[in-house]
**Student:** 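Okay, here's the structure, questions in a sec.
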Amino acid sequence: MDHDQKQTAILQQVCSVPKGNVASYGDIAKGAGLPGYARYVGRVLKMLPKNTNVPWHRIINSQGMISFPKGSDTYKKQVERLNQEGIYLLKDKIPKSYFIR
DNA sequence: CAGGGGGCTAAGG
DNA sequence: GCCTTAGCCCCCT
């Protein structure tokens with residue numbers, strides 16, 4: 001399996017997360033058939049263009065927290081996008097009830 | 001090759 | 001809750 005296929009599989013998994021729900025990097029990797037590729041997922045999402053239709057904001061870490069420095073532009077951006085689909089943080093964390101199950 | 005660093009994770013103090 | 005350790009993927013200098 002080459003790089004492109006992994007990337008495609010990952011992005012496809014990301015796009016499969018319904019609006020109003022979230023998933024962890026590890027979950028995405030797992031669902032893409034690539035257990036252990038959590039960090040790889042983050043690396044892939046990092047290079048997406050601004051205008052992408054891929055819902056990168058629905059991907060968070062296993063602790064339910066946003067994996068950006070709190071207060072950074074990207075952090076705010078992600079929070080805004082989540083709020084826009086009815087997802088709200090509690091003490092900087094996203095409640096478990098939003099996770100895909 | 002060595003070292004450092006990322007949108008990570010699970011386990012232990 | 002915090003921090004460290006070890007393990008995971010990869011990339012860059």
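Convention: sequence-line order gives letters A, B, ...; per-chain numbering from 1. Just so it is clear, the model here is predicted, and its values are computed rather than measured.
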**Student:** Find the distance Gln7(A):CD to dC11(C):P and express it as a whole number of Å.
**Tutor:** 11 Å
**Student:** Given side chain to side chain donor-acceptor pair (under 3.5 Å), test His57(A) with Glu85(A) step by step and report yes or no.
**Tutor:** CA-CA 10 Å; His57(A) 55 284; Glu85(A) 20 185 279; 2.9 Å; yes
**Student:** Just call it for Lys30(A): base, sugar-phosphate, or nothing, with non-hydrogen atoms closer than 4.0 Å on any strand.
**Tutor:** nothing
**Student:** Nearest to the Asn61(A) side chain among dT9(B), dC9(C), dG1(C), which nucleotide is it?
**Tutor:** dT9(B)
**Student:** Taking the nucleotide of DNA chain B with the nearest heavy atom to each, does Arg43(A) or Asp27(A) sit closer to the 5' end?
**Tutor:**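 Here Arg43(A) is the residue nearer the 5' end.
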**Student:** Could you tell me whether Lys77(A) contacts a base, only the sugar-phosphate backbone, or nothing, with contacts defined as non-hydrogen atoms closer than 4.0 Å?
**Tutor:** nothing
**Student:** Which part of the nucleic acid, if any, lies within reach of Thr74(A) when heavy atoms closer than 4.0 Å are counted: base, sugar-phosphate only, or nothing?
**Tutor:** nothing
**Student:** With rounding to whole Å, what would you report as the distance between dG7(B) and dT5(C) at their P atoms?
**Tutor:** 22 Å
**Student:** Give the stems involving DNA chain B, where a stem is 3 or more consecutive Watson-Crick or G-U wobble pairs (i with j, i+1 with j-1, and so on) under 3.5 Å.
**Tutor:**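 Only these stems qualify: B:2-6 with C:9-13, B:8-13 with C:2-7.
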**Student:** Regarding Tyr25(A), tell me which of base, sugar-phosphate or nothing describes its non-hydrogen contacts under 4.0 Å with the strands shown.
**Tutor:**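 Base: the residue Tyr25(A), judged by heavy atoms under 4.0 Å, touches a nucleobase.
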**Student:** Take the protein atom OH of Tyr37(A) and the nucleotide atom C1' of dC11(C), then report the distance between them rounded to whole Å.
**Tutor:** 14 Å
**Student:** Taking CH2 from Trp56(A) and P from dG6(B), how many angstroms apart are they, rounded to a whole number?
**Tutor:**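 Atom-to-atom, Trp56(A) to dG6(B), this comes out as 18 Å.
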**Student:** Locate the shortest heavy-atom distance separating Val17(A) from Arg58(A); write the atom from each residue and the value.
**Tutor:** O-NH1, 2.7 Å
**Student:** Determine whether Ile66(A) and Trp56(A) fall in the same hydrophobic cluster, where Ile, Leu, Val, Met, Phe, Trp and Tyr are linked whenever their side-chain heavy atoms lie under 4.5 Å apart.
**Tutor:**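 Looking at the clustering, Trp56(A) is in a separate group from Ile66(A).
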**Student:** Do any side-chain nitrogens or oxygens of Ser62(A) fall under 4.0 Å of OP1 or OP2 in dT9(B)?
**Tutor:** yes
**Student:** Take the protein atom CD of Gln63(A) and the nucleotide atom C1' of dA11(B), then report the distance between them rounded to whole Å.
**Tutor:** 11 Å
**Student:** Which part of the nucleic acid, if any, lies within contact of Leu34(A), taking any heavy atom under 4.0 Å across all strands shown: a base, the sugar-phosphate backbone alone, or nothing?
**Tutor:** nothing
**Student:** Check the phosphate of dC10(C) against Lys6(A), side-chain N and O only, distance under 4.0 Å to OP1 or OP2. Yes or no?
**Tutor:**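 It does, given that an N or O in the side chain of Lys6(A) lies less than 4.0 Å from OP1 or OP2 of dC10(C).
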**Student:** Separation of Lys46(A) atom NZ from dC8(B) atom P, in whole Å?
**Tutor:** 10 Å
**Student:** Taking dC8(C) as the reference, what is the distance to dG6(B) when you measure between their C1' atoms (whole Å, please)?
**Tutor:** 13 Å
**Student:** Treating Asn21(A) as the side-chain partner and Tyr98(A) as the backbone partner, does any N or O pair qualify as donor plus acceptor under 3.5 Å?
**Tutor:** yes
**Student:** Could you give the NZ-to-P distance, from Lys70(A) to dC2(C), as a whole number of Å?
**Tutor:**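 Lys70(A) atom NZ is separated from dC2(C) atom P by 10 Å.
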**Student:** Considering just the side-chain nitrogens and oxygens of Ser24(A), establish if one lies under 4.0 Å of OP1 or OP2 belonging to dC8(B).
**Tutor:**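 Answer is no, no contact under 4.0 Å.
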**Student:** If I take atom CG in residue Leu45(A) and atom P in nucleotide dC9(C), what distance separates them, rounded to the nearest angstrom?
**Tutor:**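 In whole Å, dC9(C) P lies 18 Å from Leu45(A) CG.
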**Student:** May I have the distance from His3(A) (atom NE2) to dC11(C) (atom P), rounded to whole angstrom?
**Tutor:**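 After rounding, the gap between these two atoms is 7 Å.
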**Student:** Looking at Phe99(A) and Asp27(A), what are the two nearest heavy atoms and their distance?
**Tutor:** CD2-OD2, 4.3 Å
**Student:** Under 3.5 Å, is there any donor-acceptor pair linking the side chain of Arg39(A) to the base of dG6(B)?
**Tutor:**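 Answer is yes: a donor-acceptor pair is held.
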**Student:** How many angstroms lie between OG1 in Thr74(A) and NZ in Lys46(A), if you round to the nearest 0.5 Å?
**Tutor:**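 Here the rounded value is 10.0 Å.
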**Student:** So does Asp4(A) get a backbone contact from the side chain of Thr8(A), meaning a donor-acceptor N/O pair under 3.5 Å?
**Tutor:**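 Such a contact is found between Thr8(A) side chain and Asp4(A) backbone.
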**Student:** To the closest 0.5 Å, what do you measure between CG (Leu34(A)) and CD1 (Ile10(A))?
**Tutor:**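 Leu34(A) atom CG to Ile10(A) atom CD1 measures 5.5 Å (nearest 0.5 Å).
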